[in-house]
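Written below as structure tokens is the structure these notes are about.
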Protein chains: 2
Amino acid sequence: MTCDTSETQMRIGEVAEAAGTTAKTLRFYEEQGLLPEAERTPSGYRDYTPEAVVRIDFIHRGQAAGLTLAQIKQILDIRDGGEIPCGHVRDLLDARLADIDRQIADLLALRDNVAALRDAAAEPEPETCNADEVCRYL
Amino acid sequence: MTCDTSETQMRIGEVAEAAGTTAKTLRFYEEQGLLPEAERTPSGYRDYTPEAVVRIDFIHRGQAAGLTLAQIKQILDIRDGGEIPCGHVRDLLDARLADIDRQIADLLALRDNVAALRDAAAEPEPETCNADEVCRYL
DNA sequence: ATGGACCTTCTCCTGTACTGGAAGGTCCAT
DNA sequence: ATGGACCTTCCAGTACAGGAGAAGGTCCAT
């Protein structure tokens, strides 16, 4: 069982498809420091190992949790530095949770306001609109 | 009682302060078509009537209802065209409400996911982290 | 007449996560 | 040798609502 790793090298398009994204996005991630600079073939093509797909999957899981690419990069940087990013992940998730709760509270308040305005505007008496105001419903 | 309207003219800075915004923002609104092109003094200064403040207040109320400037402009354009924008306002508020509800539902679902991840990450056993994965909590 | 506060236009920048396109190089099959 | 699919780089733009700052003109009081 000789396993030659060079056989498993992948071009950017293959990696992109395997990870469910596009080659352009992968170049963008590399530029942003989320993916390490890929090896190159003699002709300059990026040459990935299958681990790249794992890393991109992680990025997608982070995004699904509502983390920004900058935050995901922080985690990746810690791990790349040899440390275990659990503590940082915990902090980020805590902050993200507080943020989500705040957004939900804001949206619920906004919902009440807009619902009240909409109900007022639902009265079919446009003739009472005053030309002095732009719209009495807002 | 002779009322000379020219006495009530306002410079952009005054209008901005009265409306709780900045001169820069008012020039931006004008450029975007939310404010009509202001009269000019002989030296080129914008010369507003107090009605401008009313219009800016309306813009702010629209923003508070979560409308975009483009949507607010639609309302303003209808009114400026001599029509009563009640129906359109109603439609916009309806759409906005549906949008808010969707956002709230999305955030609640996201909240559950993130809370579950955070709870998992709260277990103080980082030594079980596997180096093969970037982070087992995400 | 000079300083400071205000005004004008102009262009570029912010953050987020990409996406589109141009111009050119490479790989492989026919 | 030629066509098409793939790759490379770089530049620019998307949506949103302004903000930053430069270079210059104006108004008013001292």
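Letters go in sequence order (proteins before strands), and every chain restarts at 1. Note that this is a predicted model, so its numbers are computed, not measured.
- Residues A/L35 and A/L26 share a closest heavy-atom pair of CD1-O, 3.8 Å.
- For A/I12 and C/dC18, the CD1 to C1' distance is 14 Å, given to the nearest whole Å.
- Atom OH in B/Y45 sits about 11 Å away from atom P in C/dT9, given to the nearest Å.
- Residues A/Y29 and A/P42 both approach DNA chain C. Their nearest nucleotides, taken by heavy-atom distance, put A/Y29 toward the 5′ side.
- Using Watson-Crick or G-U wobble geometry with both donor-acceptor distances under 3.5 Å, D/dA23 finds its partner in C/dT8.
- Of the side-chain N and O atoms in B/S43, none sit less than 4.0 angstrom from OP1 or OP2 of C/dT8.
- Between A/R46 and D/dT8 there is a side-chain N or O to OP1 or OP2 distance below 4.0 Å.
- Contact annotation for A/R27: base contact, defined as any heavy-atom pair under 4.0 Å involving a base atom.
- Distances shorter than 4.0 Å separate none of the side-chain N or O atoms of B/T68 from OP1 or OP2 on D/dA15.
- Counting all heavy atoms, side chain and backbone alike, A/A19 lies closest to A/H60 at O-CE1, 3.2 Å.
- Contact of the B/R46 side chain with the B/R40 side chain is registered, since non-hydrogen atoms from C-beta on lie closer than 4.5 Å.
- Between the CZ atom of B/F28 and the C1' atom of C/dT8 there is a distance of 18 Å, rounded to whole Å.
- A/T41 comes within 4.0 angstrom of nothing in the nucleic acid, heavy atoms only.
- The 5' end of DNA chain D is approached more closely, in terms of each residue's nearest nucleotide, by A/G44 than by the other of B/T22 and A/G44.
- Proximity of A/R40 to the phosphate of D/dT9: a side-chain N or O atom is located under 4.0 Å from OP1 or OP2.
- Following rounding to the nearest Å, B/E14 (CD) and C/dC7 (C1') show an atom-to-atom distance of 12 Å.
- Per the geometry, CG belonging to A/L34 stands 12 Å off C1' belonging to C/dC18, to the nearest Å.
- Nucleotide D/dT2: paired with C/dA29 (Watson-Crick or G-U wobble, both distances less than 3.5 Å).
- Inter-residue side-chain proximity for B/F28 and B/L69 is flagged as met; some heavy-atom pair is nearer than 4.5 Å.
- Taking atom NZ of A/K24 as the reference point, atom P of D/dT8 lies 11 Å away to the nearest angstrom.
- In this structure, B/K73 atom NZ and D/dC16 atom P are separated by 14 Å, rounded to whole Å.
- Residue-level contact check: B/Q32 touches neither bases nor backbone, having no heavy atom under 4.0 Å from any strand.
- When B/V89, B/L93, B/L76, B/L92 are each tested for a side chain to side chain contact (heavy atoms under 4.5 Å, CB included) with B/Q71, only one passes: B/L92.
- Contact annotation: A/T25 side-chain N/O to C/dA17 OP1/OP2 distance is not under 4.0 Å.
- Here A/Q63 reaches the OP1 or OP2 of C/dC18: one of its side-chain N or O atoms lies under 4.0 Å away.
- A/I72 places its CD1 atom 11 Å from the C1' atom of C/dA17, with the value rounded to the nearest Å.
- Taking every heavy atom of both residues into account, B/E30 and B/E37 meet most closely at CD-CA, 3.9 Å.
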